[in-house]
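Read through the structure below, which is laid out as structure tokens, and then see the notes.
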Amino acid sequence: MRKEIKTQRTKEKILKAGIQEFGQNGYAGSSINAICATGINKGLIYHNYKDKDDLYLACVKRSMEEMATDIETQMKKGVAYNTARMHFFSSHEMEARLFLEIMVNPPQKLESKIKILRAPIDALNRQQFGQLLAKHTLRKNVSEEIAYQWMEWMQTFYNMWFQRQENKNASFMDRMEQHEKGVAQCIDLMLYGIAQKKEE
């Protein structure tokens, strides 16, 4: 039992350092050596994680799980979904940085695995979108599944655009807030369009 507890504590320490490193420097700018510089033995890292990719994915998994748990906790207190998301981002900056990277610029070779690890947040998004759709009457031949696919496509296109925007004067949280507002606007435009319909 003591060995299991020690192993778990070691993993937690590595994950914490990994989230800090990947959050601060991104996947491309991070290294196992940099994580070791925080005082963690390299042998311990490779004993628990196969390589940099394996550790990165573990950090993504932990961040997504914590984000989903935090959002659900806030929502149980009556906090709106979008507000709950920003609450998490403002109180967990490294996890927020990691989240933004996997949304707008994920490591290409890990993209399919990251999509699976996003499941807790994707499920919350799907739930909230479903509740929003329930307030409206969908057009004929448009199911909730089709609407959700369009929402995902629009978000993907928005993330591609967002990645190309550079604002060196903006703080990270300003960019995070800009991203969240942009995603919300995409959903609004998808539901209501861009042209005001004339009254008949």
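For the single chain, residues carry numbers from 1 onward in sequence order.
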Practice item. Kindly indicate, with the supporting measurements, whether the criterion side-chain contact (heavy atoms from CB on, under 4.5 Å) is fulfilled by Gln155 and Trp150. Key: CA-CA 9 Å; Gln155 183 171 328; Trp150 274 99; over 6 Å; no
Exercise for review: Answer yes if the side chains of Glu21 and Asn25 hold a donor-acceptor pair under 3.5 Å, and no otherwise.
Suggested key: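 There is such a pair between these side chains.
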Review point. So, Gln8 and Glu12: side-chain donor and acceptor under 3.5 Å apart, yes or no?
Key: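 The criterion, which ignores hydrogens and geometry beyond distance, is satisfied for Glu12 and Gln8.
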Tell me, yes or no, whether the heavy-atom count around [X] atom [atom1], taken from other residues, nucleotides or ligands under 6.0 Å, exceeds 12.
X	atom1	answer
Met190	CE	yes
Gln185	CD	no
Glu111	CD	yes
Phe172	CZ	yes

Closest heavy-atom contact between [X] and [Y]?
X	Y	answer
Asn141	Ile146	O-CD1, 3.7 Å
Ile40	Ala17	CD1-CB, 3.6 Å
Ala84	Met75	CB-CG, 4.3 Å
Leu191	Leu133	CD2-CD2, 3.7 Å
Gly26	Ser30	O-OG, 2.6 Å
Phe129	Ile187	CE1-CG2, 4.0 Å

Please check if [X] and [Y] belong to a single hydrophobic cluster, counting links between Ile, Leu, Val, Met, Phe, Trp and Tyr side chain heavy atoms closer than 4.5 Å.
X	Y	answer
Leu189	Met151	no
Met67	Ile19	no
Ile102	Phe22	yes
Met173	Ile71	yes

Review point. In terms of ring plane angle, is the pair His92 and Phe88 parallel, tilted or perpendicular, where the classes change at 30° and 60°?
Key: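 Correct class here is parallel.
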Review point. Which of parallel (below 30°), tilted (30 to 60°) and perpendicular (above 60°) describes Tyr158 and His179?
Key: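 Tilted: the ring planes of Tyr158 and His179 meet at 30° to 60°.
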At what distance, to the nearest 0.5 angstrom, does [atom1] of [X] lie from [atom2] of [Y]?
X	Y	atom1	atom2	result
Gln20	Ile35	CD	CD1	10.5 Å
Met64	Cys59	CE	SG	11.0 Å
Asp122	Lys115	CG	NZ	6.0 Å
Glu177	Ser90	CD	OG	10.0 Å
Arg97	Phe89	CZ	CZ	13.0 Å
Leu55	Leu15	CG	CG	6.5 Å

Check your understanding: Looking at residues at least two apart in the chain, or sitting in another chain, which of them share a side chain to side chain donor-acceptor pair (under 3.5 Å) with Gln24?
Key ->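 None.
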Point to revise | Contacts of Asp70 that satisfy side chain to side chain donor-acceptor pair (under 3.5 Å) - sequence neighbours left out | key: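 Checked Asp70 against side chain to side chain donor-acceptor pair (under 3.5 Å); matches are His87.
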Side chain to side chain, [X] and [Y], heavy atoms closer than 4.5 Å:
X	Y	result
Met94	Lys16	no
Gln149	Met154	no
Tyr56	Ile114	yes
Lys77	Thr73	yes

Check your understanding: Does the Glu95 side chain pair with the main chain of Glu66, one donor and one acceptor, at a distance under 3.5 Å?
Key ->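 Between the backbone of Glu66 and the side chain of Glu95 there is no qualifying donor-acceptor contact (under 3.5 Å).
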Check your understanding: Ignoring hydrogens and geometry, is there a side-chain-to-backbone donor-acceptor pair from Thr83 to Val79 under 3.5 Å?
Key ->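 Looks like no, no N/O pair under 3.5 Å.
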**Study point:** Worked verdict on Tyr81 versus Asn125 for side-chain contact (heavy atoms from CB on, under 4.5 Å)
**Key:** CA-CA 9 Å; Tyr81 180 59; Asn125 288 341; 2.4 Å; yes
Review point. Stepwise, does the side-chain contact (heavy atoms from CB on, under 4.5 Å) test hold for Ile121 with Arg85?
Key: CA-CA 10 Å; Ile121 298 303; Arg85 283 170 62 103; 4.0 Å; yes
Point to revise | Ser143 vs Leu138, side-chain contact (heavy atoms from CB on, under 4.5 Å): CA-CA, chis, key distance, verdict | key: CA-CA 7 Å; Ser143 64; Leu138 296 180; 5.8 Å; no
Ion pair present between [X] and [Y], side-chain N to carboxylate O less than 4.0 angstrom?
X	Y	value
Glu72	Lys76	no
Asp53	Lys109	yes
Arg175	Glu180	no

Check your understanding: Between Lys52 and Tyr27, is NZ or CZ placed under 6.0 angstrom from the six-membered ring centre and within 45° of the ring axis?
Key ->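 Yes, Lys52 and Tyr27 form such a contact.
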Practice item. Kindly determine whether Glu145 and Arg126 satisfy salt bridge (Lys or Arg N to Asp or Glu O under 4.0 Å), including the steps that lead there. Key: CA-CA 10 Å; Glu145 183 63 32; Arg126 180 65 179 263; 2.6 Å; yes
Point to revise | side-chain hydrogen bond (donor to acceptor under 3.5 Å, both in side chains) partners of residues 36-50, not counting sequence neighbours, each pair once | key: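 Only Asn33-Lys42 qualify under side-chain hydrogen bond (donor to acceptor under 3.5 Å, both in side chains).
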